[in-house]
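Notes follow once the structure below has been shown.
Computed from a predicted structure; not experimentally measured.
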Amino acid sequence: MHTRFPPEPNGFLHIGHAKSICLNFGLAREFGGKCNLRYDDTNPTKEEQVYIDAINEDVRWLGFEWEQPECYTSDYFDRLYEWARQLIRQGDAYVDDQTADEIRETRGTLKEPGTESPYRNRPVEENLDLFERMKKGEFDEGKKVLRAKIDMASGNLNLRDPVLYRILKAPHPRTGNAWCIYPMYDWAHGQSDSIEGITHSVCTLEFEDHRPLYDWCLDKLGAFHPQQIEFARLQLSHTLLSKRVLIQMVKDGTVNGWDDPRMPTISGLRRRGYTPESIREFCERIGVAKSNSTVEIGLLEHCLREELNKTARRVMAVLNPLKLVITNYPEGQTEEFDAENNPEDESAGFRKVPFSREVYIERDDFMEDPPKKFFRLGPGREVRLKHACIIRCDEVIKNDAGEIVELHCSYDPETRGGANPADGRKIKGTLQWVSVPHAVDAEVRLYDHLFSHETPWDSKACPELQSCLNPESLTVLKNAKVEPELGAAQLGDRFQFLRMGYFSVDPDAKPGAPVFNRTVTLKDTWGKMVSKGKAG
RNA sequence: UGGGGCGUCGACAAGUGGUCUAAGUCACGGGAUUUUGGAUCCCGCAUUCGGAGGUUCGAAUCCUCCCGCCCCAGCCA
């Protein structure tokens with residue numbers, strides 16, 4: 001088995017491409033075959049080297065290695081040209097002088113047949129001569145094309161004398177000015193597959209109509225004939241995977257570049273903190289079929305959490321800090337408690353976490369008048385500070401505006417170090433915290449789905465993209481407090497901020513000024529109860 | 001009668017004549033457990049396969065008709 005992943009270098013790869021990559025490379029891996037990376041670079045007006053570099057990086061990052069060296073359709077331009085001459089000699093192709101408009105008008109419609117070009121029956125020698133002169137640059141763009149001579153009455157429009165070559169006086173990123181005629185996809189793809197010895201040419205559903213043409217070309221040429229097989233492209237809820245729209249959002253500033261952590265691009269997912277493993281697992285679980293379907297983005301997030309739960313170090317961070325003073329703890333005293341790094345992985349060991357009289361807790365973890373099922377902190381209530389001790393809230397301090405600025409609590413010395421109370425009373429709530437004098441300031445960026453609408457690609461449900469955007473897709477928190485050791489977090493580090501979610505270091509981070517991206521939240525049963533009104 | 005596809009649980013998706021009163025995963029609901037309302041563990045979740053007929057001892061799987069959805073009229077890929 002020999003497969004290939006054939007991107008056009010005209011944009012960045014996204015999660016939909018990942019499905020194709022995993023499929024093609026996965027097939028080769030599973031059946032002991034090979035997989036090529038082939039750039040389908042037949043349109044120099046749209047393609048650029050920067051995209052090739054980005055695609056190479058993304059495929060490698062996803063964990064796949066292609067047969068060296070990578071392939072380019074442009075490497076086959078000579079062969080393709082010779083093959084075109086063979087077609088002409090066989091009387092299966094001709095040079096057409098009609099304009100693009102004329103060709104469109106004579107193609108017919110979906111229900112009516114087209115009409116044949118007046119140039120359709122030119123003698124072979126004339127076609128050969130004209131085609132050669134096209135190659136030499138004697139004609140302007142649009143003046144002539146090479147067409148296959150098939151059937152202008154075919155029900156399949158692709159068979160109504162499709163254009164094989166057009167004149168494009170544009171320099172090519174790889175062949176420079178060597179060519180001014182470039183092959184169309186239909187003329188290039190199958191033959192490139194054939195040259196590379198591809199056995200299974202896997203592509204998306206919209207090419208199903210092209211298969212008869214794919215077969216026609218190879219049959220006429222008598223060349224090695226790979227088999228084209230189609231599958232449904234990925235559609236993800238709350239996500240747009242159209243290259244056109246992605247480019248637009250980058251250009252109009254809706255997002256901050258191709259690698260904005262909200263983008264479904266591989267580079268965006270990478271910056272967001274996704275792991276290659278989780279993306280591969282996702283591609284494995286969604287399966288491959290021919291029916292158009294939409295996968296819930298929750299499945300992608302599940303695959304991520306599943307992996308991060310096993311691998312990410314747990315650490316404490318407070319996103320929206322509220323100061324809490326433990327009045328019966330000696331002023332100026334500091335001690336360290338042992339904290340487990342990952343309950344899912346014993347080998348991750350323990351670390352020391354500094355504790356003192358004043359700590360920050362999450363503002364949302366306190367309610368002045370909490371509902372019954374809220375088992376976090378409230379006046380007179382007891383709660384556990386993870387790894388440290390049990391505290392009771394004695395007093396709520398407010399400013400003149402009536403805002404809560406500080407909590408006064410007392411701790412139970414018996415529970416110091418995380419011990420359970422001797423009297424056997426159960427403490428339901430556990431909070432993460434950060435010691436005030438030891439805290440490191442951090443910027444935390446909270447990300448959510450770019451689109452609040454489930455099917456942003458649906459023009460009926462979403463006539464205007466803007467109105468379907470999630471206004472809360474990015475929330476920047478500049479006043480987060482994190483454990484001291486996180487001040488030294490490195491790019492590529494991933495953590496679970498206890499009870500808050502999984503976070504990764506953003507490239508914007510600088511020494512002493514950490515920046516964290518929320519990769520994905522933790523499952524939030526309480527949040528779900530609140531939004532369903534069952535929290536009372 | 002343009003051509004090509006697709007329709008199995010809320011979302012994916014196995015299954016292509018008997019082992020199907022239909023696998024698995026996510027989601028969802030319930031319970032246990034828990035120093036993360038996380039994780040983990042149990043339990044539940046399509047008598048039905050777009051619909052209607054038919055063939056057959058037997059159909060999601062074969063046949064007929066019907067319905068719905070997607071793709072194709074770039075000198076894009």
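Note on residues 231-247 of chain A: pairs passing side-chain hydrogen bond (donor to acceptor under 3.5 Å, both in side chains), not counting sequence neighbours, are Asn10(A)-Lys243(A), Glu206(A)-Arg233(A). Pairs passing the side-chain hydrogen bond (donor to acceptor under 3.5 Å, both in side chains) check and including a residue from residues 523-536 of chain A, sequence neighbours excluded, do not occur.
In terms of phosphate contacts, Thr42(A) brings no side-chain nitrogen or oxygen within less than 4.0 Å of OP1 or OP2 of rC76(B). Residue Arg499(A) places at least one side-chain N or O closer than 4.0 Å to OP1 or OP2 of rG37(B). OP1 or OP2 of rG3(B) has not a single side-chain nitrogen or oxygen of Ser154(A) nearer than 4.0 Å. At the phosphate of rG74(B), OP1 or OP2 sits under 4.0 Å from a side-chain N or O atom of Arg107(A). The side chain of Arg160(A) contributes no N or O atom lying less than 4.0 Å from OP1 or OP2 of rA73(B). Within the 4.0 Å cut-off from OP1 or OP2 of rA13(B), at least one side-chain nitrogen or oxygen of Ser291(A) is found.
For the P atoms, the distance linking rA23(B) with rG10(B) amounts to 15 Å, nearest Å. Straight-line distance between the C1' atoms of rA27(B) and rG17(B): roughly 33 Å, to the nearest whole Å. The same atom, P, is picked in rC9(B) and in rG5(B); the two are 23 Å apart, to the nearest Å.
Contacts with RNA chain B (heavy atom under 4.0 Å) in residues 204-216 of chain A: Glu206(A), Phe207(A), Glu208(A), Asp209(A), His210(A), listed by number.
The base of rU36(B) sits with one of its N or O atoms less than 3.5 Å from a complementary donor or acceptor on the side chain of Arg314(A). A donor-acceptor contact under 3.5 Å links the side chain of Glu344(A) to the base of rG38(B).
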*With the sugar-phosphate defined as primed atoms, P, OP1 and OP2, and the base as all remaining atoms, what B/S/- string results for nucleotides 27-33 of chain B, 5' to 3', for protein heavy atoms under 4.0 Å?*
-SS----

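For Asp219(A), the side chain to side chain donor-acceptor pair (under 3.5 Å) partners are His225(A), not counting sequence neighbours.
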Could you pull out all donor-acceptor pairs under 3.5 Å where a side-chain atom in residues 295-305 of chain A meets a protein atom, sequence neighbours excluded?
unit_1    : atom_1 : unit_2    : atom_2 : d
Glu301(A) : OE2    : His449(A) : NE2    : 3.0
His302(A) : NE2    : Arg285(A) : NH1    : 3.3
Arg305(A) : NE     : Thr521(A) : O      : 2.7
Arg305(A) : NH2    : Thr521(A) : O      : 3.3
Arg305(A) : NH2    : Thr521(A) : OG1    : 3.3

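Here rU36(B) is the nucleotide among rC12(B), rC76(B), rU36(B) with the atom lying nearest to any side-chain atom of Leu522(A).
An aromatic stacking contact between Tyr185(A) and the base of rA77(B) is absent, as defined here by ring centres under 5.5 Å apart and ring planes under 30° from parallel.
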